[in-house]
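Here the structure comes first, spelled out in structure tokens, and everything after it is commentary.
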Amino acid sequence: AENDWGYSGENGPSTWTEKFPEARGARQSPVDIDTSRISSGGSAPLLKFRYSVNHPRSVVNPGYCWRVDENGYESELRGGPLGQDVYKLQQWHCHWGAVNGEGSEHTVDGRSFSGELHLVHWNTTKYNSFQEAAGQPDGLAVLGVLLMVGSKHDELDKVIRLLPFITHKNDKVTLSDPLDPVKLLPSQYAYWTYPGSLTTPPCTESVTWILFKQPVQVSADQLASMRKLKCGEASCGTEAMEVLHNYRPTLPLGNRELRDYGS
Ligand code: SG7
Ligand code: ZN
């Protein structure tokens with residue numbers, strides 16, 4: 001295989017544990033949100049976002065998704081389940097499926113959505129770099145947004161319009177248009193939260209997951225554009241395969257607490 005991990009038969013999620021032992025752990029993500037076993041969090045601690053809108057971002061094809069890098073600009077998340085710590089937006093990216101109706105990483109009462117957007121933040125109160133934070137149990141906070149097929153998402157389209165320019169692995173373009181990450185979130189901020197992991201190798205158990213209950217809509221065309229990205233470099237020519245799907249199946253919640261905030 002040309003990548004050491006991926007989503008195909010030879011290098012897919014069931015093989016990750018061979019090279020990445022942490023993927024066998026008891027705090028793995030994603031999970032199914034079983035709404036019958038949620039502990040209510042009571043009054044909702046509000047999430048607070050202070051995101052920068054007007055700065056250049058990079059849109060990258062790492063070979064297994066599309067990713068937007070914030071390039072160090074100050075964008076902060078705090079509140080909710082995060083205590084007093086401040087978390088800084090590092091990057092955001094997407095997971096999708098080969099067909100509509102699958103593609104989300106988290107499922108809700110066994111139901112999949114057509115995709116899932118992840119906004120990855122790191123704890124700047126306690127750690128000095130993203131790399132350092134990514135290895136700590138309270139190092140990362142990822143906001144998850146479930147995507148369903150519906151109308152075109154205008155803010156996300158600023159990125160999707162650029163995907164034809166990053167077809168191959170390691171391709172990268174600059175997005176200079178202003179973009180407001182808050183517009184990627186649903187209008188209601190009710191969420192589920194639990195302690196988990198990165199959903200890709202090395203599957204480090206460093207993530208406080210915050211999954212919004214309300215899905216957002218993207219168009220079928222927007223999802224189709226994502227499936228055209230390829231997992232190989234341009235030098236692979238027509239041999240490079242498309243990233244038709246890139247979601248990890250759910251893993252057991254075990255004895256972790258899943259909390260519910262807002263309704
Ligand atoms: C995506 O998800 C990428 C990864 C990310 C991974 O594959 O965005 O990031 C890079 C740098 O390619 O891994 C360390 C990291 O952020 C896992 O993130 S996720 O758990 O939110 N899905
Ligand atoms: Zn992700």
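Scope of the values below: all heavy atoms of this structure, side chains included, with no hydrogens, waters or symmetry mates. Residue numbers count from 1 along this sequence. Atoms within each ligand, like the ligands themselves, are counted from 1 in listed order.
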### Task
Going by heavy-atom distance to atom 17 (C) of ligand 1, choose the closest among Leu140, Thr200, Leu117.
Thr200

### Partner of Glu205 under side-chain hydrogen bond (donor to acceptor under 3.5 Å, both in side chains), chosen from Gln136, Gln28, Arg27
Gln28

### Angle subtended at the Zn ion (ligand 2) by NE2 of His95 and NE2 of His93, nearest 10°
110°

### Task
Keeping the roles fixed (side chain from Arg57, backbone from Leu179), state whether a donor-acceptor pair exists under 3.5 Å.
yes

### Query
Would you call Lys152 and Asp157 a salt bridge, taking side-chain N to carboxylate O under 4.0 Å as the test?
yes

### Task
Apply the ring pair (Phe, Tyr, Trp, His ring centres under 6.0 Å) test between His118 and each candidate in Trp66, Trp209, Tyr247; give the one that qualifies.
Trp209

### Query
Nearest heavy atom to atom 22 (N) of ligand 1: which of Asn246, Thr199, Asp69, Val68 does it belong to?
Thr199

### Message
Closer than 4.0 angstrom, basic N to acidic O: yes or no for Glu76 and Arg50?
### Response
yes

### Test item: Ser75 side-chain N/O and Ser52 main-chain N/O as donor-acceptor pair under 3.5 Å
yes

#### Entry: Options Gln90, Glu105, Gln131, Gln91, ranked by nearest heavy atom to atom 9 (O) of ligand 1, top entry
Gln91

### Task
Distance to 0.1 Å, residue and atom name: give those for the protein heavy atom nearest to atom 12 (O) of ligand 1.
Arg67 NH1, 2.7 Å

### Message
Less than 4.0 angstrom from a charged side-chain N to a carboxylate O is my criterion; do Glu242 and Lys228 meet it?
### Response
no

### Task
Starting from atom 2 (O) of ligand 1, locate the nearest protein heavy atom and write down its residue, its atom name and how far away it is, to 0.1 Å.
His93 NE2, 3.3 Å

### Task
Give a yes/no verdict on whether any heavy atom in Phe130 is under 4.0 Å from an atom of ligand 1.
yes

### atom 7 (O) of ligand 1: the protein heavy-atom neighbour that sits closest, reported with distance to 0.1 Å
Tyr64 CE1, 3.0 Å

### Query
Is Cys94 close enough that one of its N/O/S atoms sits under 2.8 Å from the Zn ion (ligand 2)?
no

### Query
Which atoms of ligand 1 are found less than 4.0 Å from any heavy atom of Val120?
21 (O)

### Atom name in His118, limited to N/O/S, at shortest distance from the Zn ion (ligand 2)
ND1

### Message
Is Trp209 close enough to touch ligand 1? Criterion: a residue heavy atom under 4.0 Å from a ligand atom.
### Response
yes

### Message
Students often mix this up, so state it plainly: with edges at 30° and 60°, are the rings of Tyr189 and Phe212 parallel, tilted or perpendicular?
### Response
tilted

### Message
Using a 4.0 Å cutoff against the non-hydrogen atoms of His95, which atoms of ligand 1 qualify?
### Response
22 (N)

#### Entry: Over-ring placement of Arg111 relative to Phe113, 6.0 Å and 45° cut-offs
yes

